[in-house]
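For reference, the structure discussed in these notes is given below.
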Amino acid sequence: MAAGNGPRAAPRRERFEHPSRQPPRRAERGAARCRHLGGGRKWGKRGAVGRRAEERLLQPGCSAVARGAGCKMALPRLLPPLARALAWPGCGRALHRAAPASAPAAPDFNSFVMRTNTCGELRSAHVGQEVTLYGWVQYQRQGLFLVLRDFQGLTQVIIPQDEAHSRVKKLLSDAPAESVVRVTGIVSHRPPGQENPKMPTGDIEVKVETAEILNSCKKLPFEIKDFIKKSETLRMQYRYLDLRSFQLQYNLRLRSQMVMRMREYLCNLHGFVDVETPTLFKRTPGGAKEFLVPSREAGKFYSLPQSPQQFKQLLMVGGLDRYFQVARCYRDEGSRPDRQPEFTQIDIEMSFVDQAGIQRLIEGLLQYSWPEERGSIATPFPSMTYEEALAAYGTDKPDTRFGMKIVDISEFLQRLDIQFVQNALSYPRGTVKAIRIPQGMRYLKNKDLESLKESAKSQFNQEIMEIICRPDGSLKSLLTKFLDEKQQSELIQALNMQVDDVVLLAAGEHKQVCSALGSLRLETANLLEAAGLVLRDPTAFHFLWVVDFPLFLPKEENPTELESAHHPFTAPHPSDTSLLYSDPTKVRSQHYDLVLNGSEVGGGSIRIHSAEQQRFVLEKVLKENSEVLSHLLEALDFGAPPHGGIALGLDRLISLIVDAPSIRDVIAFPKSFRGRDLMGNAPDYVTPEELEPYHIQVSWPLADKEAKKN
């Protein structure tokens with residue numbers, strides 16, 4: 001329905017309606033791109049060839065470059081001289097380092113649609129213009145004005161009060177919140193004193209002439225406002241409403257922009273090939289559980305890949321050299337705040353590369369695609385070995401934004417005749433370690449300390465002893481009865497303790513002690529921040545490479561057997577290759593993880609490219625049936641190049657950048673904590689008739705049978 005002085009169509013807008021917005025002539029665009037390719041540097045010894053290539057670029061026929069096709073990918077076919085020039089030492093590197101010649105034009109949000117402007121772009125410069133806006137009614141006040149919202153922002157709309165516009169007034173006054181409306185009117189300044197500096201459009205308002213309700217909204221299950229608390233279940237059930245919030249809009253748009261910049265960096269600047277790999281495949285030994293998909297062949301199932309690992313290695317065997325994909329991956333495991341049964345990763349593989357090359361690539365990729373509003377990130381990222389991370393932070397993904405590192409005091413205590421210390425040090429890797437909580441007594445209560453000790457006991461079967469530094473400088477601890485004054489003073493010095501500090505001490509096997517103290521370090525940080533102490537700056541981004549992982553780990557259910565620490569295709573460290581055949585438990589791997597603020601955001605490795613070595617790992621070390629991977633083993637025998645790669649967890653990376661509490665807040669349609677789609681009620685039942693072609697029969701549990709019947 002519409003109201004006003006007759007329905008008025010929004011004015012048609014051509015894509016280029018002003019001389020300043022005309023598309024640049026082809027030759028001009030070619031020249032700009034050529035200047036970019038040159039990177040501001042001279043052509044060098046073979047400058048004549050480079051200049052002739054540049055002259056060819058300026059010819060009208062050079063359409064591939066003018067259209068902005070990938071620089072180096074288009075060149076070998078169309079511009080052999082320039083391609084050869086760029087291949088000379090220095091030229092290619094200059095291209096890779098070069099920044100765009102000019103900032104990209106702002107996107108035109110009003111092309112191809114009926115509006116003249118979005119609700120977030122009107123400013124004082126638009127005063128006097130007639131505009132047509134489309135959006136949702138955010139709220140309406142006493143029939144005097146309403147606030148119209150779209151993806152870009154808010155605009156205050158003045159409802160006319162005169163008799164001539166009575167139909168418009170009634171229409172807008174009666175429109176429920178979240179109804180979709182069109183308004184056409186004149187932009188004007190807000191009355192003096194009524195400006196809203198908190199709104200980008202706060203200096204103006206639109207006085208309505210005509211309006212139309214495009215779709216009225218029924219009663220909402222919750223208000224579409226970021227500050228309104230909604231249950232997770234309700235948000236998931238009405239996800240299409242939750243998506244209207246500014247926060248989710250921002251998250252998804254930032255995600256889109258980062259992915260686009262990543263594509264630019266990988267494909268246009270560094271020649272990667274974007275390849276889509278199959279979703280239906282077969283089971284892969286080891287790793288997480290995989291979703292099974294029935295086929296029409298009796299007893300045979302597809303498997304949804306947990307990553308394109310085998311395919312990207314096969315692409316390297318196929319000579320593609322550089323592969324990239326925004327890959328959908330699947331894991332049949334319980335959903336956690338940082339996990340989803342289906343997720344997205346930036347998947348990368350390269351031939352003839354080493355670990356340092358992969359690390360440089362990822363550092364450049366993140367630096368290039370990093371959102372400007374989040375500040376800059378410095379490269380190269382710091383690096384530490386797995387053993388260093390475990391010893392200092394008790395985890396292979398340390399949060400380095402705050403201190404409280406683990407300290408080894410074994411050497412100090414081993415000379416003391418304390419029974420529990422001597423028992424601990426008698427283990428093959430026995431140790432005594434501690435973490436110091438600065439000013440702990442000011443922020444932690446006794447119940448907090450008891451909770452921390454109980455946590456270490458229940459999760460790690462590790463006893464914890466606390467040491468407190470009193471205001472007079474003396475120590476309060478069960479340990480003090482074994483120490484004289486001098487030894488207590490030495491302990492204070494060894495732990496660098498100050499008044500009101502609390503130390504948590506653990507003794508036992510190295511990995512167990514470190515893991516327990518690493519967990520307590522994070523729990524303590526949560527308690528301190530809940531009490532008002534800021535330890536982890538949410539605006540700081542601390543990247544870290546963790547390297548030199550063990551290649552194999554004992555299985556939890558059977559420690560006499562081994563499993564891959566990363567996956568079975570990871571190559572051993574070059575220095576440890578001989579140990580693979582004599583003592584595999586001591587072999588380090590060429591596996592590297594990228595950690596951001598205590599969360600793993602990427603992981604990769606240099607791969608085994610020898611069929612013989614890969615078969616040995618599968619059959620002799622992991623005791624797996626190598627026939628499942630016969631296609632890969634055969635491919636490795638046909639001249640597989642050395643290769644390696646990495647995958648970045650896109651969902652987790654974006655959630656950390658926007659400081660979201662869960663990766664569900666950066667995915668348009670995520671699954672619930674239990675892996676269900678509450679909006680579409682998936683997974684759902686299917687009939688026996690639908691299962692028949694797949695040779696499957698379901699034995700229904702009694703409760704499910706009753707639910708299905710109802």
Side-chain angles (χ1 to χ4, degrees), residues 258 262 265 337-339 345-346 348 353-371 374-408 433 435 510-511 514-515 517-526 529 534-551 553 565-566 570 573 588-606 644-660 663:
M258 280 199 69
M262 287 178 174
Y265 183 83
D338 60 345
R339 290 283 175 91
Q345 63 187 34
I346 304 298
I348 291 170
V353 71
D354 59 10
Q355 179 172 303
I358 295 286
Q359 289 174 333
R360 288 198 306 272
L361 168 74
I362 295 304
E363 288 167 358
L365 173 69
L366 288 170
Q367 204 168 40
Y368 187 89
S369 61
W370 196 254
R374 289 296 187 263
S376 59
I377 53 175
T379 58
F381 300 153
S383 177
M384 67 174 61
T385 67
Y386 167 81
E387 285 295 339
E388 290 169 341
L390 185 66
Y393 297 96
T395 177
D396 59 3
K397 43 180 182 289
D399 189 341
T400 56
R401 287 176 296 174
F402 69 107
M404 289 171 52
K405 291 184 183 180
I406 298 171
V407 179
D408 192 331
K433 293 179 179 285
I435 57 171
H510 172 75
K511 186 173 183 181
C514 290
S515 299
L517 289 176
S519 177
L520 294 185
R521 176 178 178 267
L522 296 177
E523 288 184 47
T524 301
N526 292 337
E529 290 185 332
V534 178
L535 281 179
R536 297 168 289 193
D537 182 358
T539 65
F541 298 97
H542 286 215
F543 284 97
L544 173 73
W545 289 108
V546 180
V547 300
D548 289 356
F549 284 81
L551 187 58
L553 293 172
H566 188 219
T570 301
H573 194 285
R588 293 169 297 163
S589 69
Q590 294 189 69
H591 162 203
Y592 32 84
D593 277 354
L594 181 61
V595 177
L596 173 58
N597 293 355
S599 292
E600 179 192 335
V601 294
S605 65
I606 302 302
I646 193 169
L648 297 179
L650 182 64
D651 308 311
R652 196 175 305 176
L653 176 63
I654 301 296
S655 71
L656 290 169
I657 291 173
V658 301
D659 195 28
I663 63 171

>> Measuring only between side-chain heavy atoms, which start at C-beta, is Y393 closer than 4.5 Å to D399?
In response: no

>> Please determine whether side chain to side chain contact (heavy atoms under 4.5 Å, CB included) holds for the pair V547 and Q359, giving the CA-CA distance in whole Å, both sets of side-chain angles, and the decisive distance to 0.1 Å.
In response: CA-CA 11 Å; V547 300; Q359 289 174 333; 3.6 Å; yes

> Between the side chain of Y592 and the main-chain N/O of S605, is any donor-acceptor distance below 3.5 Å?
Replying inline: yes

> Under 4.5 Å between any side-chain heavy atoms of F402 and L522, yes or no?
Replying inline: yes

> Between H591, R588, Q355, which is the residue that forms a side chain to side chain contact (heavy atoms under 4.5 Å, CB included) with H573?
Replying inline: R588

>> Quick one, E363 with W545, criterion side chain to side chain contact (heavy atoms under 4.5 Å, CB included). Give me CA distance, side-chain angles, the key distance, then yes/no.
In response: CA-CA 10 Å; E363 288 167 358; W545 289 108; 2.9 Å; yes

> Roughly how far, to the nearest 0.5 Å, is CZ of F381 from CG of L544?
Replying inline: 10.0 Å

>> Rounded at 0.5 Å granularity, tell me how far CD in E529 sits from CG in L535.
In response: 5.0 Å

> Are any of the side-chain heavy atoms of P398 and V546 separated by less than 4.5 Å?
Replying inline: yes

> Taking all non-hydrogen atoms of both residues, which atom of D537 and which atom of T539 are closest, and how far apart?
Replying inline: OD1-OG1, 2.7 Å

> How far apart are the C-alpha atoms of K511 and L390, what are their side-chain angles, what is the distance that settles it, and do they pass the side chain to side chain contact (heavy atoms under 4.5 Å, CB included) test?
Replying inline: CA-CA 8 Å; K511 186 173 183 181; L390 185 66; 4.1 Å; yes

> Is there side-chain contact between Y386 and P550, with heavy atoms separated by less than 4.5 Å?
Replying inline: yes

> What's the spacing between E600 CD and L653 CG if we round to 0.5 Å?
Replying inline: 12.5 Å

> Can you list the steps and then say if L361 with I646 is a side chain to side chain contact (heavy atoms under 4.5 Å, CB included)?
Replying inline: CA-CA 10 Å; L361 168 74; I646 193 169; 5.7 Å; no

>> Less than 4.5 Å apart, side chain to side chain, heavy atoms only: is that true for D408 and K433?
In response: yes

> What are the two closest heavy atoms between L656 and F541, and how far apart are they?
Replying inline: O-CE2, 3.6 Å

> R401 side chain to H542 main-chain N or O, any donor-acceptor pair under 3.5 Å?
Replying inline: no

> Would you find a donor on one side and an acceptor on the other, under 3.5 Å apart, between the side chain of Q367 and the backbone of I377?
Replying inline: yes

> Atom CG in L596, atom CD1 in I657: separation rounded to 0.5 Å?
Replying inline: 7.5 Å

> Heavy atoms, side chains only, cut-off 4.5 Å: are H510 and E387 in contact?
Replying inline: yes

> Which heavy atom in L551 sits nearest to a heavy atom in S589, and how many Å separate them?
Replying inline: CD1-CB, 3.4 Å

>> Between R652 and I663 (side chain of the first, backbone of the second, donor and acceptor by atom type, cut-off under 3.5 Å), is there such a pair?
In response: no

>> So which atom in I606 and which in D354 form the shortest heavy-atom distance, rounded to 0.1 Å?
In response: CD1-C, 3.7 Å

>> What's the separation between atom CZ in R360 and atom CG in L365, rounded to the nearest 0.5 Å?
In response: 14.5 Å

> Can you name the closest pair of heavy atoms from P538 and D659 and give their distance?
Replying inline: CB-OD2, 3.8 Å

>> To check you understand the geometry: which heavy-atom pair defines the closest contact between I406 and I435, and what is its length?
In response: CG1-CG2, 3.7 Å

> If you measure from CZ on F549 to CG on D593, what distance do you get to the nearest 0.5 Å?
Replying inline: 4.0 Å

